[in-house]
Amino acid sequence: MPANIHRETNNLWTLRVSGLLKKSDLERCQGRVGSDIDAGGQPCVLVVLENFEGWEHGVDWDVEFLFSKGSQIGKIAIVGDPRWESEALMFVGASIRPTPVKFFQAEQLAEARTWLAE
């Protein structure tokens, strides 16, 4: 599965994405985090891009989750190849959401985890 999310702790979710991210996979993952938010949680999300190839083309990427629940996410750390930094930050709406978002290079996974816990 190209995208898989799981809860590590009460407020930390890890989303691992490999290959091409499909809209249906992202919506499934957002649904799991959205349920946590609906239950009163304020999750932090660690996104790990492994052998990432980009986003599915030719689909209408919905921004409903960003506007309906995006401000209820504590922090987002994205870890991956630096070539994806600007596109990944744009994709998650880093410049328009109140949630702190930071990109880390692949070898900085420990630093990303530390930043999320601060």
Side-chain angles (χ1 to χ4, degrees):
M1 185 174 299
N4 190 10
I5 193 162
H6 72 277
R7 177 184 273 177
E8 288 193 26
T9 65
N10 273 346
N11 73 333
L12 178 61
W13 289 81
T14 298
L15 170 62
R16 294 192 177 275
V17 181
S18 62
L20 189 68
L21 179 61
K22 295 184 178 182
K23 181 180 178 183
S24 59
D25 289 333
L26 181 62
E27 288 173 342
R28 178 183 41 78
C29 295
Q30 287 175 329
R32 294 198 56 207
V33 173
S35 294
D36 186 30
I37 291 169
D38 291 343
Q42 187 177 28
C44 292
V45 180
L46 173 63
V47 179
V48 181
L49 306 176
E50 301 168 321
N51 300 312
F52 186 62
E53 297 173 7
W55 297 265
E56 179 179 17
H57 297 283
V59 297
D60 183 19
W61 287 96
D62 191 353
V63 293
E64 180 182 342
F65 185 86
L66 171 64
F67 291 110
S68 66
K69 299 194 187 314
S71 65
Q72 297 166 0
I73 294 176
K75 289 182 177 180
I76 300 172
I78 304 169
V79 178
D81 187 305
R83 71 181 177 143
W84 294 111
E85 181 174 0
S86 62
E87 290 177 69
L89 292 172
M90 187 180 349
F91 185 80
V92 300
S95 64
I96 61 171
R97 68 166 61 225
T99 301
V101 179
K102 190 170 179 180
F103 190 93
F104 296 84
Q105 293 186 18
E107 63 275 4
Q108 297 176 307
L109 181 59
E111 290 90 339
R113 288 181 177 281
T114 299
W115 180 75
L116 286 170
E118 293 175 342

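Predicted model, so just to flag it, every value in this text is computed and none were measured. Position 1 is the first residue of the sequence, and the numbers go up from there.
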Atom [atom1] in [X], atom [atom2] in [Y]: separation rounded to 0.5 Å?
X	Y	atom1	atom2	answer
Ile78	Lys102	CD1	NZ	12.5 Å
Ser68	Ile37	OG	CD1	8.0 Å
Leu26	Ile5	CG	CD1	9.0 Å

Of all pairs that satisfy side-chain hydrogen bond (donor to acceptor under 3.5 Å, both in side chains), the ones with a partner from residues 89-101, not counting sequence neighbours: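 Pairs touching residues 89-101 that pass the test: none.
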Listed once per pair and sorted, the side-chain hydrogen bond (donor to acceptor under 3.5 Å, both in side chains) pairs that draw on residues 40-51, sequence neighbours left out: Arg16-Glu50
Ignoring hydrogens, what is the shortest heavy-atom contact between [X] and [Y]? Give both atom names and the distance.
X	Y	answer
Ser71	Pro98	CB-CG, 3.6 Å
Ala3	Leu21	CB-CD1, 3.7 Å
Pro100	Gly74	CD-O, 3.2 Å
Glu56	Lys22	OE1-CA, 3.3 Å
Pro43	Ile73	O-CG2, 3.2 Å

Pairwise salt bridge (charged side-chain N to carboxylate O under 4.0 Å, His left out) hits with a residue in residues 76-95, at least two apart: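 Residue pairs passing salt bridge (charged side-chain N to carboxylate O under 4.0 Å, His left out), neighbours aside: none found.
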Partner residues of Thr14 under the side chain to side chain donor-acceptor pair (under 3.5 Å) criterion, sequence neighbours left out: Glu8
Residues in side chain to side chain donor-acceptor pair (under 3.5 Å) contact with Lys69, at least two apart in sequence or another chain: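 For Lys69, the residues satisfying side chain to side chain donor-acceptor pair (under 3.5 Å) (neighbours in sequence not counted) are Asp38.
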Leu89, Val47, Leu15 screened by side chain to side chain contact (heavy atoms under 4.5 Å, CB included) with Ile76, the one that passes: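 Single side chain to side chain contact (heavy atoms under 4.5 Å, CB included) partner of Ile76 among Leu89, Val47, Leu15: Val47.
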Glu107: partners by side-chain contact (heavy atoms from CB on, under 4.5 Å), with sequence neighbours left out: Gln105
Set of side-chain contact (heavy atoms from CB on, under 4.5 Å) partners for Glu27, sequence neighbours left out: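 In terms of side-chain contact (heavy atoms from CB on, under 4.5 Å), with neighbours along the sequence ignored, Glu27 is linked to Lys23, Gln30.
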Heavy-atom check, side chain of Phe103 versus side chain of Val92, under 4.5 Å: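 When only atoms from C-beta onward are counted, Val92 and Phe103 do not touch, as no gap falls below 4.5 Å.
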Main-chain N/O of Arg32 paired with Arg7 side-chain donor or acceptor, under 3.5 Å: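 No, Arg7 side chain to Arg32 backbone: no donor-acceptor pair under 3.5 Å.
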Shared hydrophobic cluster for Val59 and Met90 (ILVMFWY, side-chain gaps under 4.5 Å):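 Cluster IDs for Val59 and Met90 differ.
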Residue pairs, two or more places apart or on separate chains, that pass ring pair (Phe, Tyr, Trp, His ring centres under 6.0 Å) and touch residues 12-44: none
Sequence neighbours excluded, every pair satisfying ring pair (Phe, Tyr, Trp, His ring centres under 6.0 Å) that has a member inside residues 70-101: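 Pairs touching residues 70-101 that pass the test: Phe52-Trp84, Trp55-Trp84, Trp55-Phe91, Trp61-Phe91.
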Hydrophobic cluster (4.5 angstrom, side-chain heavy atoms) - remaining members for Phe67: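 Cluster partners of Phe67: Val63, Leu66, Ile96.
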Residues clustered with Leu46, ILVMFWY side-chain links under 4.5 angstrom: Leu12, Val48, Val79, Phe104, Leu109, Trp115, Leu116
